[in-house]
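The next block holds one structure in the form of structure tokens; read it before the comments.
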Amino acid sequence: MPAPDVPEKPSLEGLEQKWGERWEADGTYRFDRTKSRTDIYSIDTPPPTVSGSLHVGHVFSYTHTDTVARYRRMRGREVFYPMGWDDNGLPTERRVQNYFGVRCDPALPYIASFEPPDKPPSPPLAISRPNFVELCVRLTVEDEKTFEELWRRLGLSVDWGMTYTTIGPEAQRASQLGFLHLLASGQAYQRVAPTLWDVDFQTAIAQAELEDREVASAYHRIRFGGPDGSAIEIDTTRPELIPACVALVAHPDDRRYKALVGSTARTPLFGVPVPIVAHELAEPDKGTGVAMICTFGDVTDVTWWRELRLETRTIVGRDGRVQADPPAGVERSPAWDELTGKKMEPARARIVELLRESGDLIGDPRPITHAVKFFEKGNKPLEILSSRQWFIHTLDHQERLLERGAELRWHPPYMRARFESWVNGLNTDWLISRQRFFGVPFPLWYRLGDDGSVRYDEPLVPDESRLPVDPSTDVPDGFAAEQRDQPGGFTGEPDVMDTWATSSLTPQVAGHWADDPDLFARVFPMDLRPQAHEIIRTWLFSTVVRSELEFGSLPWSDAAISGWVLDPDRKKMSKSKGNALTPIGLLDQHGADAVRYWAASGRPGVDTAFDEGQMKVGRRLAIKVLNASKFVLSRLGPEGDVTAPLDKAMLAGLASLVDEATAAFEGYDYARALERAEGFFWSFCDDYLELVKGRAYGGQGEAGAASANRALTLALSTLLRLFAPFLPFVTEEVWSWWKEGSVHRATWPASAELRGPAGNEAQPLVLEVAAAVLGEVRKAKTVAQASMRAEVARAVVRDSAERLAALAGAAHDVRDAGRIAELV
RNA sequence: GGGCGCUUAGCUCAGCUGGCAAGAGCACAUCCCUUACAAGGAUGCGGUCGGGGGUUCGAGUCCCUCAGCGCCCACCA
């Protein structure tokens, strides 16, 4: 072995750049695709949303995954660890609209030479979908560069040659191919049905994107006209929907209203006759016990409408305003004219005035706070509108999905409950179509009848070899471009798939399912899905659904769920809250290894407080690694057999540590592995290094020094490898002083390497007692306010016979370390 | 309303199958320039393990119950 090349004054400065460049040049983390599935460990990386910005939470969870990737790599697996960018979807769309001053009109033709104006025009310029998508790509490419720089800086061991995006051609191909398969197997279907609708984004919303928010509202007691001139009072929070009312409902057992069921009431202001019906879902305790059923005030209305076969009286348009014409059954009237064109809030305010004037409002509105459904990215309460949408069957598969959830190994295990409560709570199939632009288009056209009507029941699909296609510009087989939107011709499906319809295919996209079956077979089903807990119902669930329907298997064997980063007030840290610090600033200040140390100390699934103090501790640890390594390597003499009882004891303890850290990593508990390694390392430095120092320098002859040197290099080699997944920069630096190759491609330590030299007779007690005695000597010196170098004439140890016997094996080491002349 | 998790020193957290006379780091105090390390080292102060019951020779660890915090889910009149 060549003499170690140890710097005079080791430092952390510059290590990140130095090793970042070297790893790139050497291809240290490059994936070797010639390996077979059993030798590969594949990770389904979460693609971060590039139109946002990376915050501390990202650094936290991506570090977790990276420690696991590095561990598996050292265990000899070829790690498939690509990075993806989620550039698909609404956040990018909104940014592009503002940035370039454009809006998308899917009806417009593609212009190949299109360039956006220098300044964003007002009003925005309408452009075709392909042109719009080009602008999205142009903008996100810049974001992706910034993200990559940060990830490299943090030391993620990603293969940067395998990056994918969720809007790129491969993602489009996989999404469209997957959809065509579902269409062929009957798992995808379209239907005109009431769905939750965001009036700002003007798109349908899936159950998984809902969020309840507490909002201020009010009960309004309204008088309906009953039979024979009587009055029926109801409570409603949405009086503006009175013209959409199709029935009143009471519970069948409610004696107060039993007699009324089957008769007819009359709506106030509009005088529309509506039946009084009975249904189990009507709650006698709520309001007056009679509810107004509208088209559609809430999801219960939809249930009543469906089960009681009520009429449809739509009054709310896709833009969230009261539509121009009254629905069938409602006469145009002054009251209607007052409401038409208004958004919901003003319409409500106005109708309350009208009801007050007509005397149909009983008392004043009573303010309440109640939960209302919102699109998680939206600002207005969702409406329920009927529209044509595409769905994927999920309700039919609940049992099977629950089985898959049980089959998946969750880390931590209790996260499975979230998956199960979500699957059990499903109430609609998965709605995948969105009336948006920046997404993967459905690979569909429809035949037009001779009258120009769209034949939705006759979708035209492309041959799989044509994918990806954009039906707004591409033409279905057997048609000519001129036949677009002409009677007897065809029209393109205007909708795009929801972002989750693509994100649910990240294993297929990253693994090149649609264009590289050989690669895909080597990486799928994958080993690990790392992700955050709040997207179990979306990303994890939808990925399981797609894998089940396409392959009949789980997409991965293990799911590692990261917690959140909490600020000191215990709130989730995020950009929107304005309390997140920039990751680059933290890396500049503390260094990547230190930031990683903090991140890796957060256990799987546990929300963790943001703590710069921990980063300082991490930095101290990295510096300690440099200095302790310098000590071990700088005056390294000849190595020999491990004979000293103290050395054997240390190696035995280290062997146990290796077993423990390995077991922790096998259970995805990187935090435990780090904590144990760190604990061992500090006592190794404080006690063992001090005790062995004199002997290593030759104080007890050549054999003693040779034993010490052997033990020291074994320990250092082992500790560096144990720390490598957490502190990749400093461990690589030290490794390079005396070893060939990268520590990150070195073999994960095995306890057998240490148990051999330690021998069967190793007694951990030797180190324990020696350290305890040394500690007592230090205490005496501290109390005496003496230097640690002060000479001790005589030290007397009183302890059990067993411990005294153990001490005897290291008596000389203890005397040297404590500068004790006589040890009794 | 249902479910899951958390509650251990001032702060951030370990404590896995019950044996702990309760641990670590930070902070704090005192001391020490010691040839691996002053962006350091040594030593120390600090806790009736959220409350109340129970099981056990023994409970921070298991069971019941209550409380607080957080999250997930749930048909919003």
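Lettering follows sequence order; numbering is per chain, from 1.
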Would you say a side-chain N or O of [X] is under 4.0 Å from OP1 or OP2 of [N]?
X: A/K779; N: B/A42; result: no
X: A/K373; N: B/C75; result: yes
X: A/Q785; N: B/U43; result: no

Tell me which nucleotide, if any, is Watson-Crick or G-U wobble paired with [N] when both distances must be under 3.5 Å.
N: B/A24; answer: B/U12
N: B/C69; answer: B/G5
N: B/U30; answer: B/A42

Legend entry - A/E690/A/K693 ion pair, N-O < 4.0 Å: yes
Legend entry - Salt bridge A/R815-A/E791, side-chain N to carboxylate O under 4.0 Å: no
Legend entry - Residues that A/E399 engages under salt bridge (Lys or Arg N to Asp or Glu O under 4.0 Å), provided they are two or more places apart: none
Legend entry - Distance-only donor-acceptor test, A/R238 side-chain atoms vs B/C76 base atoms, 3.5 Å: no
Inset, instruction - Flag yes if more than 12 heavy atoms outside A/E311 fall under 6.0 Å of its CD atom; otherwise flag no. - result: no
Inset, instruction - Decide if atom CD of A/E376 counts as having more than 12 heavy atoms of other residues, nucleotides or ligands within a radius under 6.0 Å. - result: yes
Inset, instruction - Spell out protein contact along nucleotides 34-41 of chain B as letters: B when the base is contacted, S when just the sugar-phosphate is, - when no protein heavy atom is under 4.0 Å; keep the 5' to 3' order. - result: BBBBSBSS
Legend entry - Residue that, paired with A/H533, satisfies ring pair (Phe, Tyr, Trp, His ring centres under 6.0 Å) out of A/Y414, A/F419, A/W564: A/W564
Inset, instruction - Please figure out whether A/W304 or A/D212 has its closest RNA chain B nucleotide nearer the 5' end. - result: A/D212
Inset, instruction - With P as the reference atom in both, quote the distance from B/G15 to B/C72 in angstrom, rounded to an integer. - result: 25 Å
